[in-house]
Amino acid sequence: MSQPTITEQLESPAEARETGRRKIEWARQHMPIMNSIAEEFGDERPLDGEVVAMAMHVEAKTAVLTEVLAEAGAEVAITGCNPLSTHDDVSAALDANDSITCYAKRGVDDDAYYAAIEATIEHDPTITVDDGGDLVMAIHDDYPELIDSILGGCEETTTGVHRLRAMDDDGALKYPMFAVNDTPMKRLFDNVHGTGEASLSSIAMTTNLSFAGKNVVVAGYGYCGKGVAMKAKGQNAHVIVTEVEPRRALEAHMEGYEVAPMAEAAEEGDIFITTTGNRDVIVEEHFERMGDGVVLANAGHFNVEIDLDALDDLAVGRREVRDGVEEFELSDGRRINVLADGRLVNLAAPVALGHPVEVMDQSFGIQAVCVRELVDNEGSYGPGVHEVPDELDREVAEIKLDAEGIEFDALSDEQVEYMGSWQHGT
Ligand code: RBV
């Protein structure tokens, strides 16, 4: 069975290509890190002869990463990492690039989603770039014969790194994977500011409702939850944080948020945003306590945080009240609104654009230098999850500071000596 590319699936691919190309050009104009890396890659062609398979959110910024890898000499096969985050026009523009084959299409069912992942694997990748881990998992489950010729891969997101570490602990991860998510350049910016801004803007655009004066419940106070809470506070909401980890609960408290169990927060909240990466965060007992008209959105990678099956069982009626908003009516007349089918609202709502260009420039800068690192050091990273070498993260930070025209200090020799010694006291 051969999986059709996006071009083969669209009625007017030429038109789509044109709008997609405009979106990519806009993003690229605002991605100084990717442009700097592209210049180096274009000269040195570090990926000549490599085949990169990617499963990521196929939209304009991701397209820039994809094209930069192609400009470095790679053949690239790409598909989506979520059925609702693909922009078909961008997908078509990418597919028109001679070095790139793109299978991503918005709104596909599970079978078509996984068939597209398999189609990228059929290109016999030597490198994989994943967001969430579905690609790496499919290779281990269904194409183990390819593992020997794979140099390694990179994982973009918290949930994917979590899955990989569990796999590694079981001895099941058979090639090296860089935890791109865990770098300072990624998670202090993309996870905090990117998730915060994009989740709130997607919710605002999808509902046309204000945050001001609302009780916003943020489930989880990891990097993503921190960002969502901070931005919601900045929009004049009263923020209630729910946590299961005592230090994080305390941190949220010390940062000025109300902290409460979900069972209590359920009664207070107007808007709920889940960011935990875990399942069953908002379940039946919480739906039972919520007020009329609440809005539920998820910003975690998978759609497991809000128990939609339980909500469906409770509901006497269900209808789409706005594009991207489904209203569940309960027997006592209360209405609970769920955004984007409980999928990550920052990317999967119909109006969502993903995280802002600037933060994705950073994340994808790390992706690009990690791919280069795998090729430059072929064979020196063993199977398993690897931290990204800190000098790569610093390299990307310095490119960004340079592009922003920001100068910063350097340690003197005496300071370096001082920091490296233990003899200095009072
Ligand atoms: N993310 N990608 C985008 N391409 O617009 N926006 C967010 C985009 C990534 C982000 O890095 C996060 O870790 C991951 O999506 C969650 O799937």
Side-chain angles (χ1 to χ4, degrees), residues 20 23-24 26-28 30-31 33-34 54-69 78-87 89-91 94 102 104 106 113 129-136 154-164 178-202 220 222-228 273-277 297-305 340 342-349 351-368 370 388 396:
K23 290 184 184 176
I24 298 171
W26 171 261
R28 189 151 180 166
H30 298 89
M31 298 178 87
I33 299 170
M34 293 310 290
M54 301 172 69
M56 304 199 92
H57 302 293
V58 176
E59 56 68 64
K61 287 91 68 187
T62 306
V64 173
L65 170 64
T66 313
E67 296 205 313
V68 169
L69 297 179
I78 178 167
T79 186
C81 66
N82 183 293
L84 291 182
S85 63
T86 296
H87 291 221
D89 50 0
V90 172
S91 184
L94 273 183
C102 192
R106 185 183 162 86
Y113 173 82
V129 181
D130 229 324
D131 182 330
D134 286 345
L135 176 58
V136 101
C154 304
E155 170 54 52
E156 169 80 5
T157 202
T158 317
T159 293
V161 171
H162 189 81
R163 282 177 97 182
L164 288 174
F178 276 127
V180 167
N181 178 75
D182 295 357
T183 59
M185 279 298 280
K186 202 277 183 178
R187 81 175 157 193
L188 295 179
F189 303 92
D190 183 343
N191 299 28
V192 176
H193 296 279
T195 311
E197 287 189 24
S199 299
L200 292 205
S201 62
S202 292
Y223 289 92
C224 296
K226 276 181 192 168
V228 172
I273 307 167
T274 53
T275 71
T276 71
N298 166 50
H301 185 78
F302 289 121
N303 57 336
V304 293
E305 307 211 13
R343 294 194 184 269
L344 72 182
V345 72
N346 36 338
L347 283 135
V351 295
L353 298 171
H355 294 185
V357 182
E358 295 90 334
V359 295
M360 296 319 298
D361 188 29
Q362 296 189 191
S363 301
F364 291 159
I366 303 291
Q367 287 282 5
C370 283
V388 175
V396 173

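Counting starts at 1 for both ligands and their atoms, following the listed order. The analysis underlying the following values was restricted to heavy atoms, covering all of them including side chains, and did not include hydrogens, waters or symmetry mates.
Residues passing the ring pair (Phe, Tyr, Trp, His ring centres under 6.0 Å) test with F364, sequence neighbours excluded: none. The side-chain hydrogen bond (donor to acceptor under 3.5 Å, both in side chains) test applied to N82 returns no partner, not counting sequence neighbours. With sequence neighbours excluded, no residue forms a side-chain hydrogen bond (donor to acceptor under 3.5 Å, both in side chains) with S202.
Residues N181 and N191 have side chains that bring a donor and an acceptor to within less than 3.5 angstrom of each other. Looking only at atom types and distance, the side chain of H30 has no donor-acceptor partner in the side chain of D361 under 3.5 Å away.
For ligand 1, the protein residues within 4.0 angstrom (heavy atoms only) are H57, E59, K61, T62, D131, E156, T157, K186, D190, H301, L344, L347, L353, G354, H355, M360.
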Check: Going through the checks in order, is the side chain to side chain contact (heavy atoms under 4.5 Å, CB included) test met by M360 and L65?
Finding: CA-CA 9 Å; M360 296 319 298; L65 170 64; over 6 Å; no
